[in-house]
Amino acid sequence: MANEEDDPIIQEIDVFLARSLLEKLYLFQYPIRPASMTYDDVTHLSAKIKPKQQKVELEMAIDTLNPNYCRSKGEQIALNVDGTSTDETSTYSSKLMDKQTFCSSQAASNVSRYAAAVYKKGELHLTPLHGILQLRPSFTYLDKADAKHREREAANEGGDSSQDEAEDDVKQITVRFSRPETEQARQRRVQSYEFLQKRQAEEHWVHLHYYGLKDSRSEHERQYLFSQGHGLAENTELIKSPSEYLMMLMPPSVEEENDKPVAPSNVLSMAQLRTLPLADQIKILMKNVKVMPFANLMSLLGSGTDSTAVLRCIQQVAMLVQGNWVVKSDVLYPKDTSSPHSGVPAEVLCRGRDFVMWKFTQDRWVVRKEVAAVTKLCPEDVKDFLEHMSVARINKGWEFMLPYDEDFVKKHPDIVQRQHMLWMGIQAKLEKVYNLLKEHLTPKKQESQSAHPLLISGEQRVNMAKAKVKQNYGQLEKEFQKQKAEMKSNDTSAKMEVSSIRIKEEPVSDEEPMDTSAYEGMNNGIANGLHAEEDSTGSLNGHLPGGCIDRVAQELKAFVSSTFKKQFVLTLSELKRLFNLHLASLPPGHTLFSGISDKMLQDMVLDTGCKQILVPFPPQTAASPDELKVYALWEAGDTYDQHRQVLLEIFSKNYRVRRNVIQSQLSQECGEDLNKQEVDRVLKDCCVSYGGMWYLKGTVQS
């Protein structure tokens with residue numbers, strides 16, 4: 001007791017477990033850097049990995065302009081390694097040791113006790129580490145220099161050979177035939193060090209893209225170090241009741257457990273299910289039920305469960321179809337599995353099932369023959385997909401098994417909007433993989449949709465119409481008077497400001513892919529579970545109400561301006577991805593949720609001082625139309641505007657360019673000799689390096 005009084009508790013800190021980067025987070029331990037390689041100056045030129053071995057190799061640039069760098073020594077090392085050759089196989093193309101390679105080795109075999117911690121606003125967020133890798137300098141360039149030296153010595157000795165050497169004596173050659181390898185010999189060979197080294201050398205390197213500390217992708221990934229939802233969904237395992245905590249401290253004895261009847265491995269009682277974390281509970285339920293309304297899911301999870309946490313977890317394992325939740329394909333078909341009917345890999349099965357789910361977002365009915373014709377899968381696999389979420393009707397097709405859930409759509413419009421954007425991305429992938437035609441994208445009207453019509457007499461129809469008119473008459477009258485007053489005020493203001501109107505004549509591409517146009521003509525008015533007439537914003541097609549245009553334009557302009565000041569160069573595809581991330585971070589009901597079309601986004605990009613760069617992509621490119629549209633900030637207001645404009649002019653004529661060509665063109669156009677740091681600054685703003693060549697950001701196709 002005395003010790004506790006002398007050591008009081010100063011502060012209590014909440015601890016959360018972040019699971020978003022589970023089995024993905026590695027810790028790199030760099031060696032102590034020399035004075036010529038500070039953390040601020042280091043540039044990652046390239047990176048590659050062998051995933052099975054968890055082996056990483058990084059290539060970093062050395063600051064050759066640092067006063068602590070010995071230039072003569074760097075030139076000598078480059079000469080020893082490459083000689084006087086200047087071809088593409090040279091290790092140091094600049095005739096100077098300006099880069100260094102680091103190879104990794106595992107620092108610890110068991111890293112389950114280690115985690116990365118982030119402290120923010122009185123909360124400690126922990127993410128378990130998947131591996132700890134120590135990076136050490138690689139001196140393979142010295143081996144290359146030794147090999148060059150031995151080749152030169154062998155060439156010199158070959159010319160001084162004596163002419164009077166006696167002819168070699170004839171030697172007898174013994175031919176032996178290898179015996180058939182036994183099982184024991186094969187096992188010894190497989191376990192040998194030489195065989196393991198050969199297997200490791202056979203694994204191919206996978207080249208990676210490195211993103212800097214201030215890059216938008218790095219900032220986005222760092223958010224995963226924080227627990228999503230402050231522990232409501234992912235950290236329930238850290239929150240235990242007193243009885244559960246006591247059970248963890250004193251588990252039941254083995255004899256008591258053996259007395260209990262053993263259930264099948266695939267059966268889990270509701271009592272056992274509720275001992276699991278909330279995310280695991282939802283995943284198990286959705287995997288078994290396949291399709292479920294949100295109200296039914298809440299009833300199965302028990303009273304007291306937070307609906308916000310459930311909504312956050314359900315979106316990780318299911319997709320919204322007609323207001324109901326359908327389990328995701330990758331949950332049913334995990335990676336490295338295959339079909340029990342045809343042996344088709346899981347990736348192909350997921351694409352086929354996603355196509356069926358997407359068809360049900362457009363229509364309540366799906367024809368089995370059409371699915372089989374598009375996906376090219378066997379009938380058994382297609383039947384499994386349809387049985388997961390629909391019911392067969394004789395001579396009519398397959399109907400979605402649950403009715404449209406209007407209550408959920410009305411209560412959670414932000415979730416519906418987010419799921420709608422996800423389905424647009426899935427539709428784009430399906431169009432690219434299956435080469436979908438317009439007949440596949442537009443739902444067909446079927447007579448089967450009126451399979452169970454309601455018989456209403458003519459007198460009942462008249463009475464219903466009269467009641468509806470009386471109910472809406474007052475509201476319609478108020479709206480009419482309001483619109484009439486607005487029209488009068490607009491007419492007077494238009495006469496005063498007609499002289500200040502300036503028409504912008506800037507060419508815009510005729511091609512205008514609308515993200516939401518594929519959903520305009522949906523049957524039954526369904527767009528990813530959202531009835532068109534019930535959409536309160538009325539702007540799925542990008543048409544905004546008159547009173548919201550100015551606010552939406554201001555918000556959109558602020559986003560585009562701030563994004564291009566950070567990135568300088570963006571493809572339309574990358575800009576849309578960043579915009580979707582921006583939308584996901586906004587609170588529900590924000591003005592930008594009213595709907596932004598591709599044309600509005602492109603017009604705003606041009607209005608903020610950006611220009612479209614017509615990059616000459618190769619003819620065999622597999623890039624999508626959005627990836628072919630490249631926009632760049634033409635004037636940022638700093639001293640590097642002219643340099644960036646010259647660089648963009650270069651890439652309007654070339655798809656990829658070498659660094660020496662860029663540097664010479666910059667010096668010629670700007671009329672001054674630029675040092676390495678200035679060129680690096682301009683290249684970092686607009687370009688990326690891959691395979692020794694430089695590309696505009698977002699245009700690299702590996």
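All heavy atoms count here, side chains included; hydrogens, waters and symmetry mates do not.
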>> Quick check: closest heavy atoms across A18 and P128, and the distance to 0.1 Å?
In response: O-CD, 3.8 Å
> Less than 4.5 Å apart, any side-chain heavy atom of Y26 and any of I132?
Replying inline: no
> If you round to the nearest 0.5 Å, how far is OG1 of T375 from OH of Y434?
Replying inline: 5.5 Å
>> Please check this pair: side chain of E123 against backbone of D14, looking for a donor-acceptor N/O pair closer than 3.5 Å.
In response: no
>> Measuring only between side-chain heavy atoms, which start at C-beta, is H420 closer than 4.5 Å to L422?
In response: no
>> Would the distance check show the side chain of H125 and the main-chain N or O of S227 forming a donor-acceptor pair, the cut-off being under 3.5 Å?
In response: yes
> Excluding sequence neighbours, so at least two apart, what forms salt bridge (Lys or Arg N to Asp or Glu O under 4.0 Å) with K24?
Replying inline: none
> Does a salt bridge link E203 with K50, judged by any charged N lying under 4.0 Å from a carboxylate O?
Replying inline: no
> Is a side-chain donor or acceptor of R364 paired with a backbone partner of E399 at a separation under 3.5 angstrom?
Replying inline: no
> Is there side-chain contact between M292 and L300, with at least one heavy-atom pair below 4.5 Å?
Replying inline: yes
>> Is there a side-chain contact between F355 and I426 in this structure, where contact means two heavy atoms from C-beta onward sitting under 4.5 Å apart?
In response: no
> Shortest non-hydrogen contact from L276 to Q281?
Replying inline: O-NE2, 2.8 Å
>> To the closest 0.5 Å, what do you measure between CG (D354) and CD (Q427)?
In response: 12.5 Å
> Between T308 and V310, is a side-chain contact (heavy atoms from CB on, under 4.5 Å) present by the stated rule, with each step listed?
Replying inline: CA-CA 5 Å; T308 305; V310 177; over 6 Å; no
> Taking atom CG of L377 and atom OG of S339, what is their separation to the nearest 0.5 Å?
Replying inline: 8.0 Å
>> Checking side-chain polar atoms at under 3.5 Å, does H220 have a donor or acceptor matched by the opposite partner on D215?
In response: no
>> Going by the rule salt bridge (Lys or Arg N to Asp or Glu O under 4.0 Å), which residues pair with E219 if we only count those two or more places apart in sequence or in a different chain?
In response: none
>> Is there a side-chain contact between V289 and L297 in this structure, where contact means two heavy atoms from C-beta onward sitting under 4.5 Å apart?
In response: no
>> Quick check against the 3.5 Å criterion: does W325 have a side-chain atom that pairs as donor or acceptor with the backbone of Q315?
In response: no
>> Could you go through T127 and Y224, starting from their C-alpha distance and side-chain angles, then the distance that decides it, and tell me whether this counts as side-chain contact (heavy atoms from CB on, under 4.5 Å)?
In response: CA-CA 9 Å; T127 302; Y224 289 120; over 6 Å; no
> Closest heavy-atom contact between G698 and T571?
Replying inline: O-CG2, 3.7 Å
> Are any non-hydrogen side-chain atoms of M421 and L583 less than 4.5 angstrom apart?
Replying inline: yes
> Would H130 and V111 satisfy side-chain contact (heavy atoms from CB on, under 4.5 Å), going step by step from the backbone distance to the final call?
Replying inline: CA-CA 7 Å; H130 188 58; V111 296; 5.8 Å; no
> Is there a side-chain contact (heavy atoms from CB on, under 4.5 Å) between Y404 and N324 once you walk through the steps?
Replying inline: CA-CA 7 Å; Y404 178 78; N324 301 281; 5.9 Å; no
> Relative to the ring of F559, is the ring of H582 parallel (under 30°), tilted (30 to 60°) or perpendicular (over 60°)?
Replying inline: parallel
> When rounded to the nearest 0.5 angstrom, what distance separates CZ in F16 from NZ in K120?
Replying inline: 12.5 Å
> Listed by chain and number, what are the salt bridge (Lys or Arg N to Asp or Glu O under 4.0 Å) partners of E574, not counting sequence neighbours?
Replying inline: R217, R577
> CD1 of I596 to CD of E555: how many Å apart, nearest 0.5 Å?
Replying inline: 10.0 Å
> Is it true that atom CZ of R222 has more than 12 heavy atoms of other residues, nucleotides or ligands lying nearer than 6.0 Å?
Replying inline: yes
> In terms of the angle between their ring planes, are F408 and F294 parallel, tilted or perpendicular, with boundaries placed at 30° and 60°?
Replying inline: tilted
> Looking at side-chain heavy atoms only, is the closest gap between W398 and V371 below 4.5 Å?
Replying inline: no
>> Can you give me the closest heavy-atom contact between F385 and L349, atom names plus distance?
In response: CZ-O, 3.5 Å
>> Tell me if the CZ atom of F28 is crowded by more than 12 foreign heavy atoms within 6.0 Å.
In response: yes
>> Please determine whether a side-chain nitrogen of the Lys or Arg among R353 and D381 lies less than 4.0 Å from a carboxylate oxygen of the Asp or Glu.
In response: no
> Do NZ/NE/NH1/NH2 and the carboxylate oxygens of E347 and R351 come within less than 4.0 Å?
Replying inline: yes
>> How close do L124 and A117 get, counting heavy atoms only, and between which atoms?
In response: CD1-CB, 3.9 Å
> Taking the side chain from N288 and the backbone from I284, do they hold a donor-acceptor pair closer than 3.5 Å?
Replying inline: yes
>> Within this structure, what is the CG-CD1 distance for the pair L301 and I314, rounded to the nearest 0.5 Å?
In response: 8.5 Å
>> Less than 4.5 Å apart, side chain to side chain, heavy atoms only: is that true for K359 and W365?
In response: no
>> I'd like to know if the side chain of E380 and the backbone of H341 have a donor-acceptor N/O pair within less than 3.5 Å.
In response: no
> With a cut-off of 6.0 Å (strictly less than), are more than 12 heavy atoms of other residues, nucleotides or ligands near NZ of K283?
Replying inline: no
> Is a side-chain N or O of Q322 found less than 3.5 angstrom from the main chain of D363, in a donor-acceptor match?
Replying inline: yes
> What are the two closest heavy atoms between V56 and W205, and how far apart are they?
Replying inline: C-CZ3, 4.4 Å
>> Counting neighbours of NZ on K290 that are heavy atoms of other residues, nucleotides or ligands and sit closer than 6.0 Å, is the number greater than 12?
In response: yes
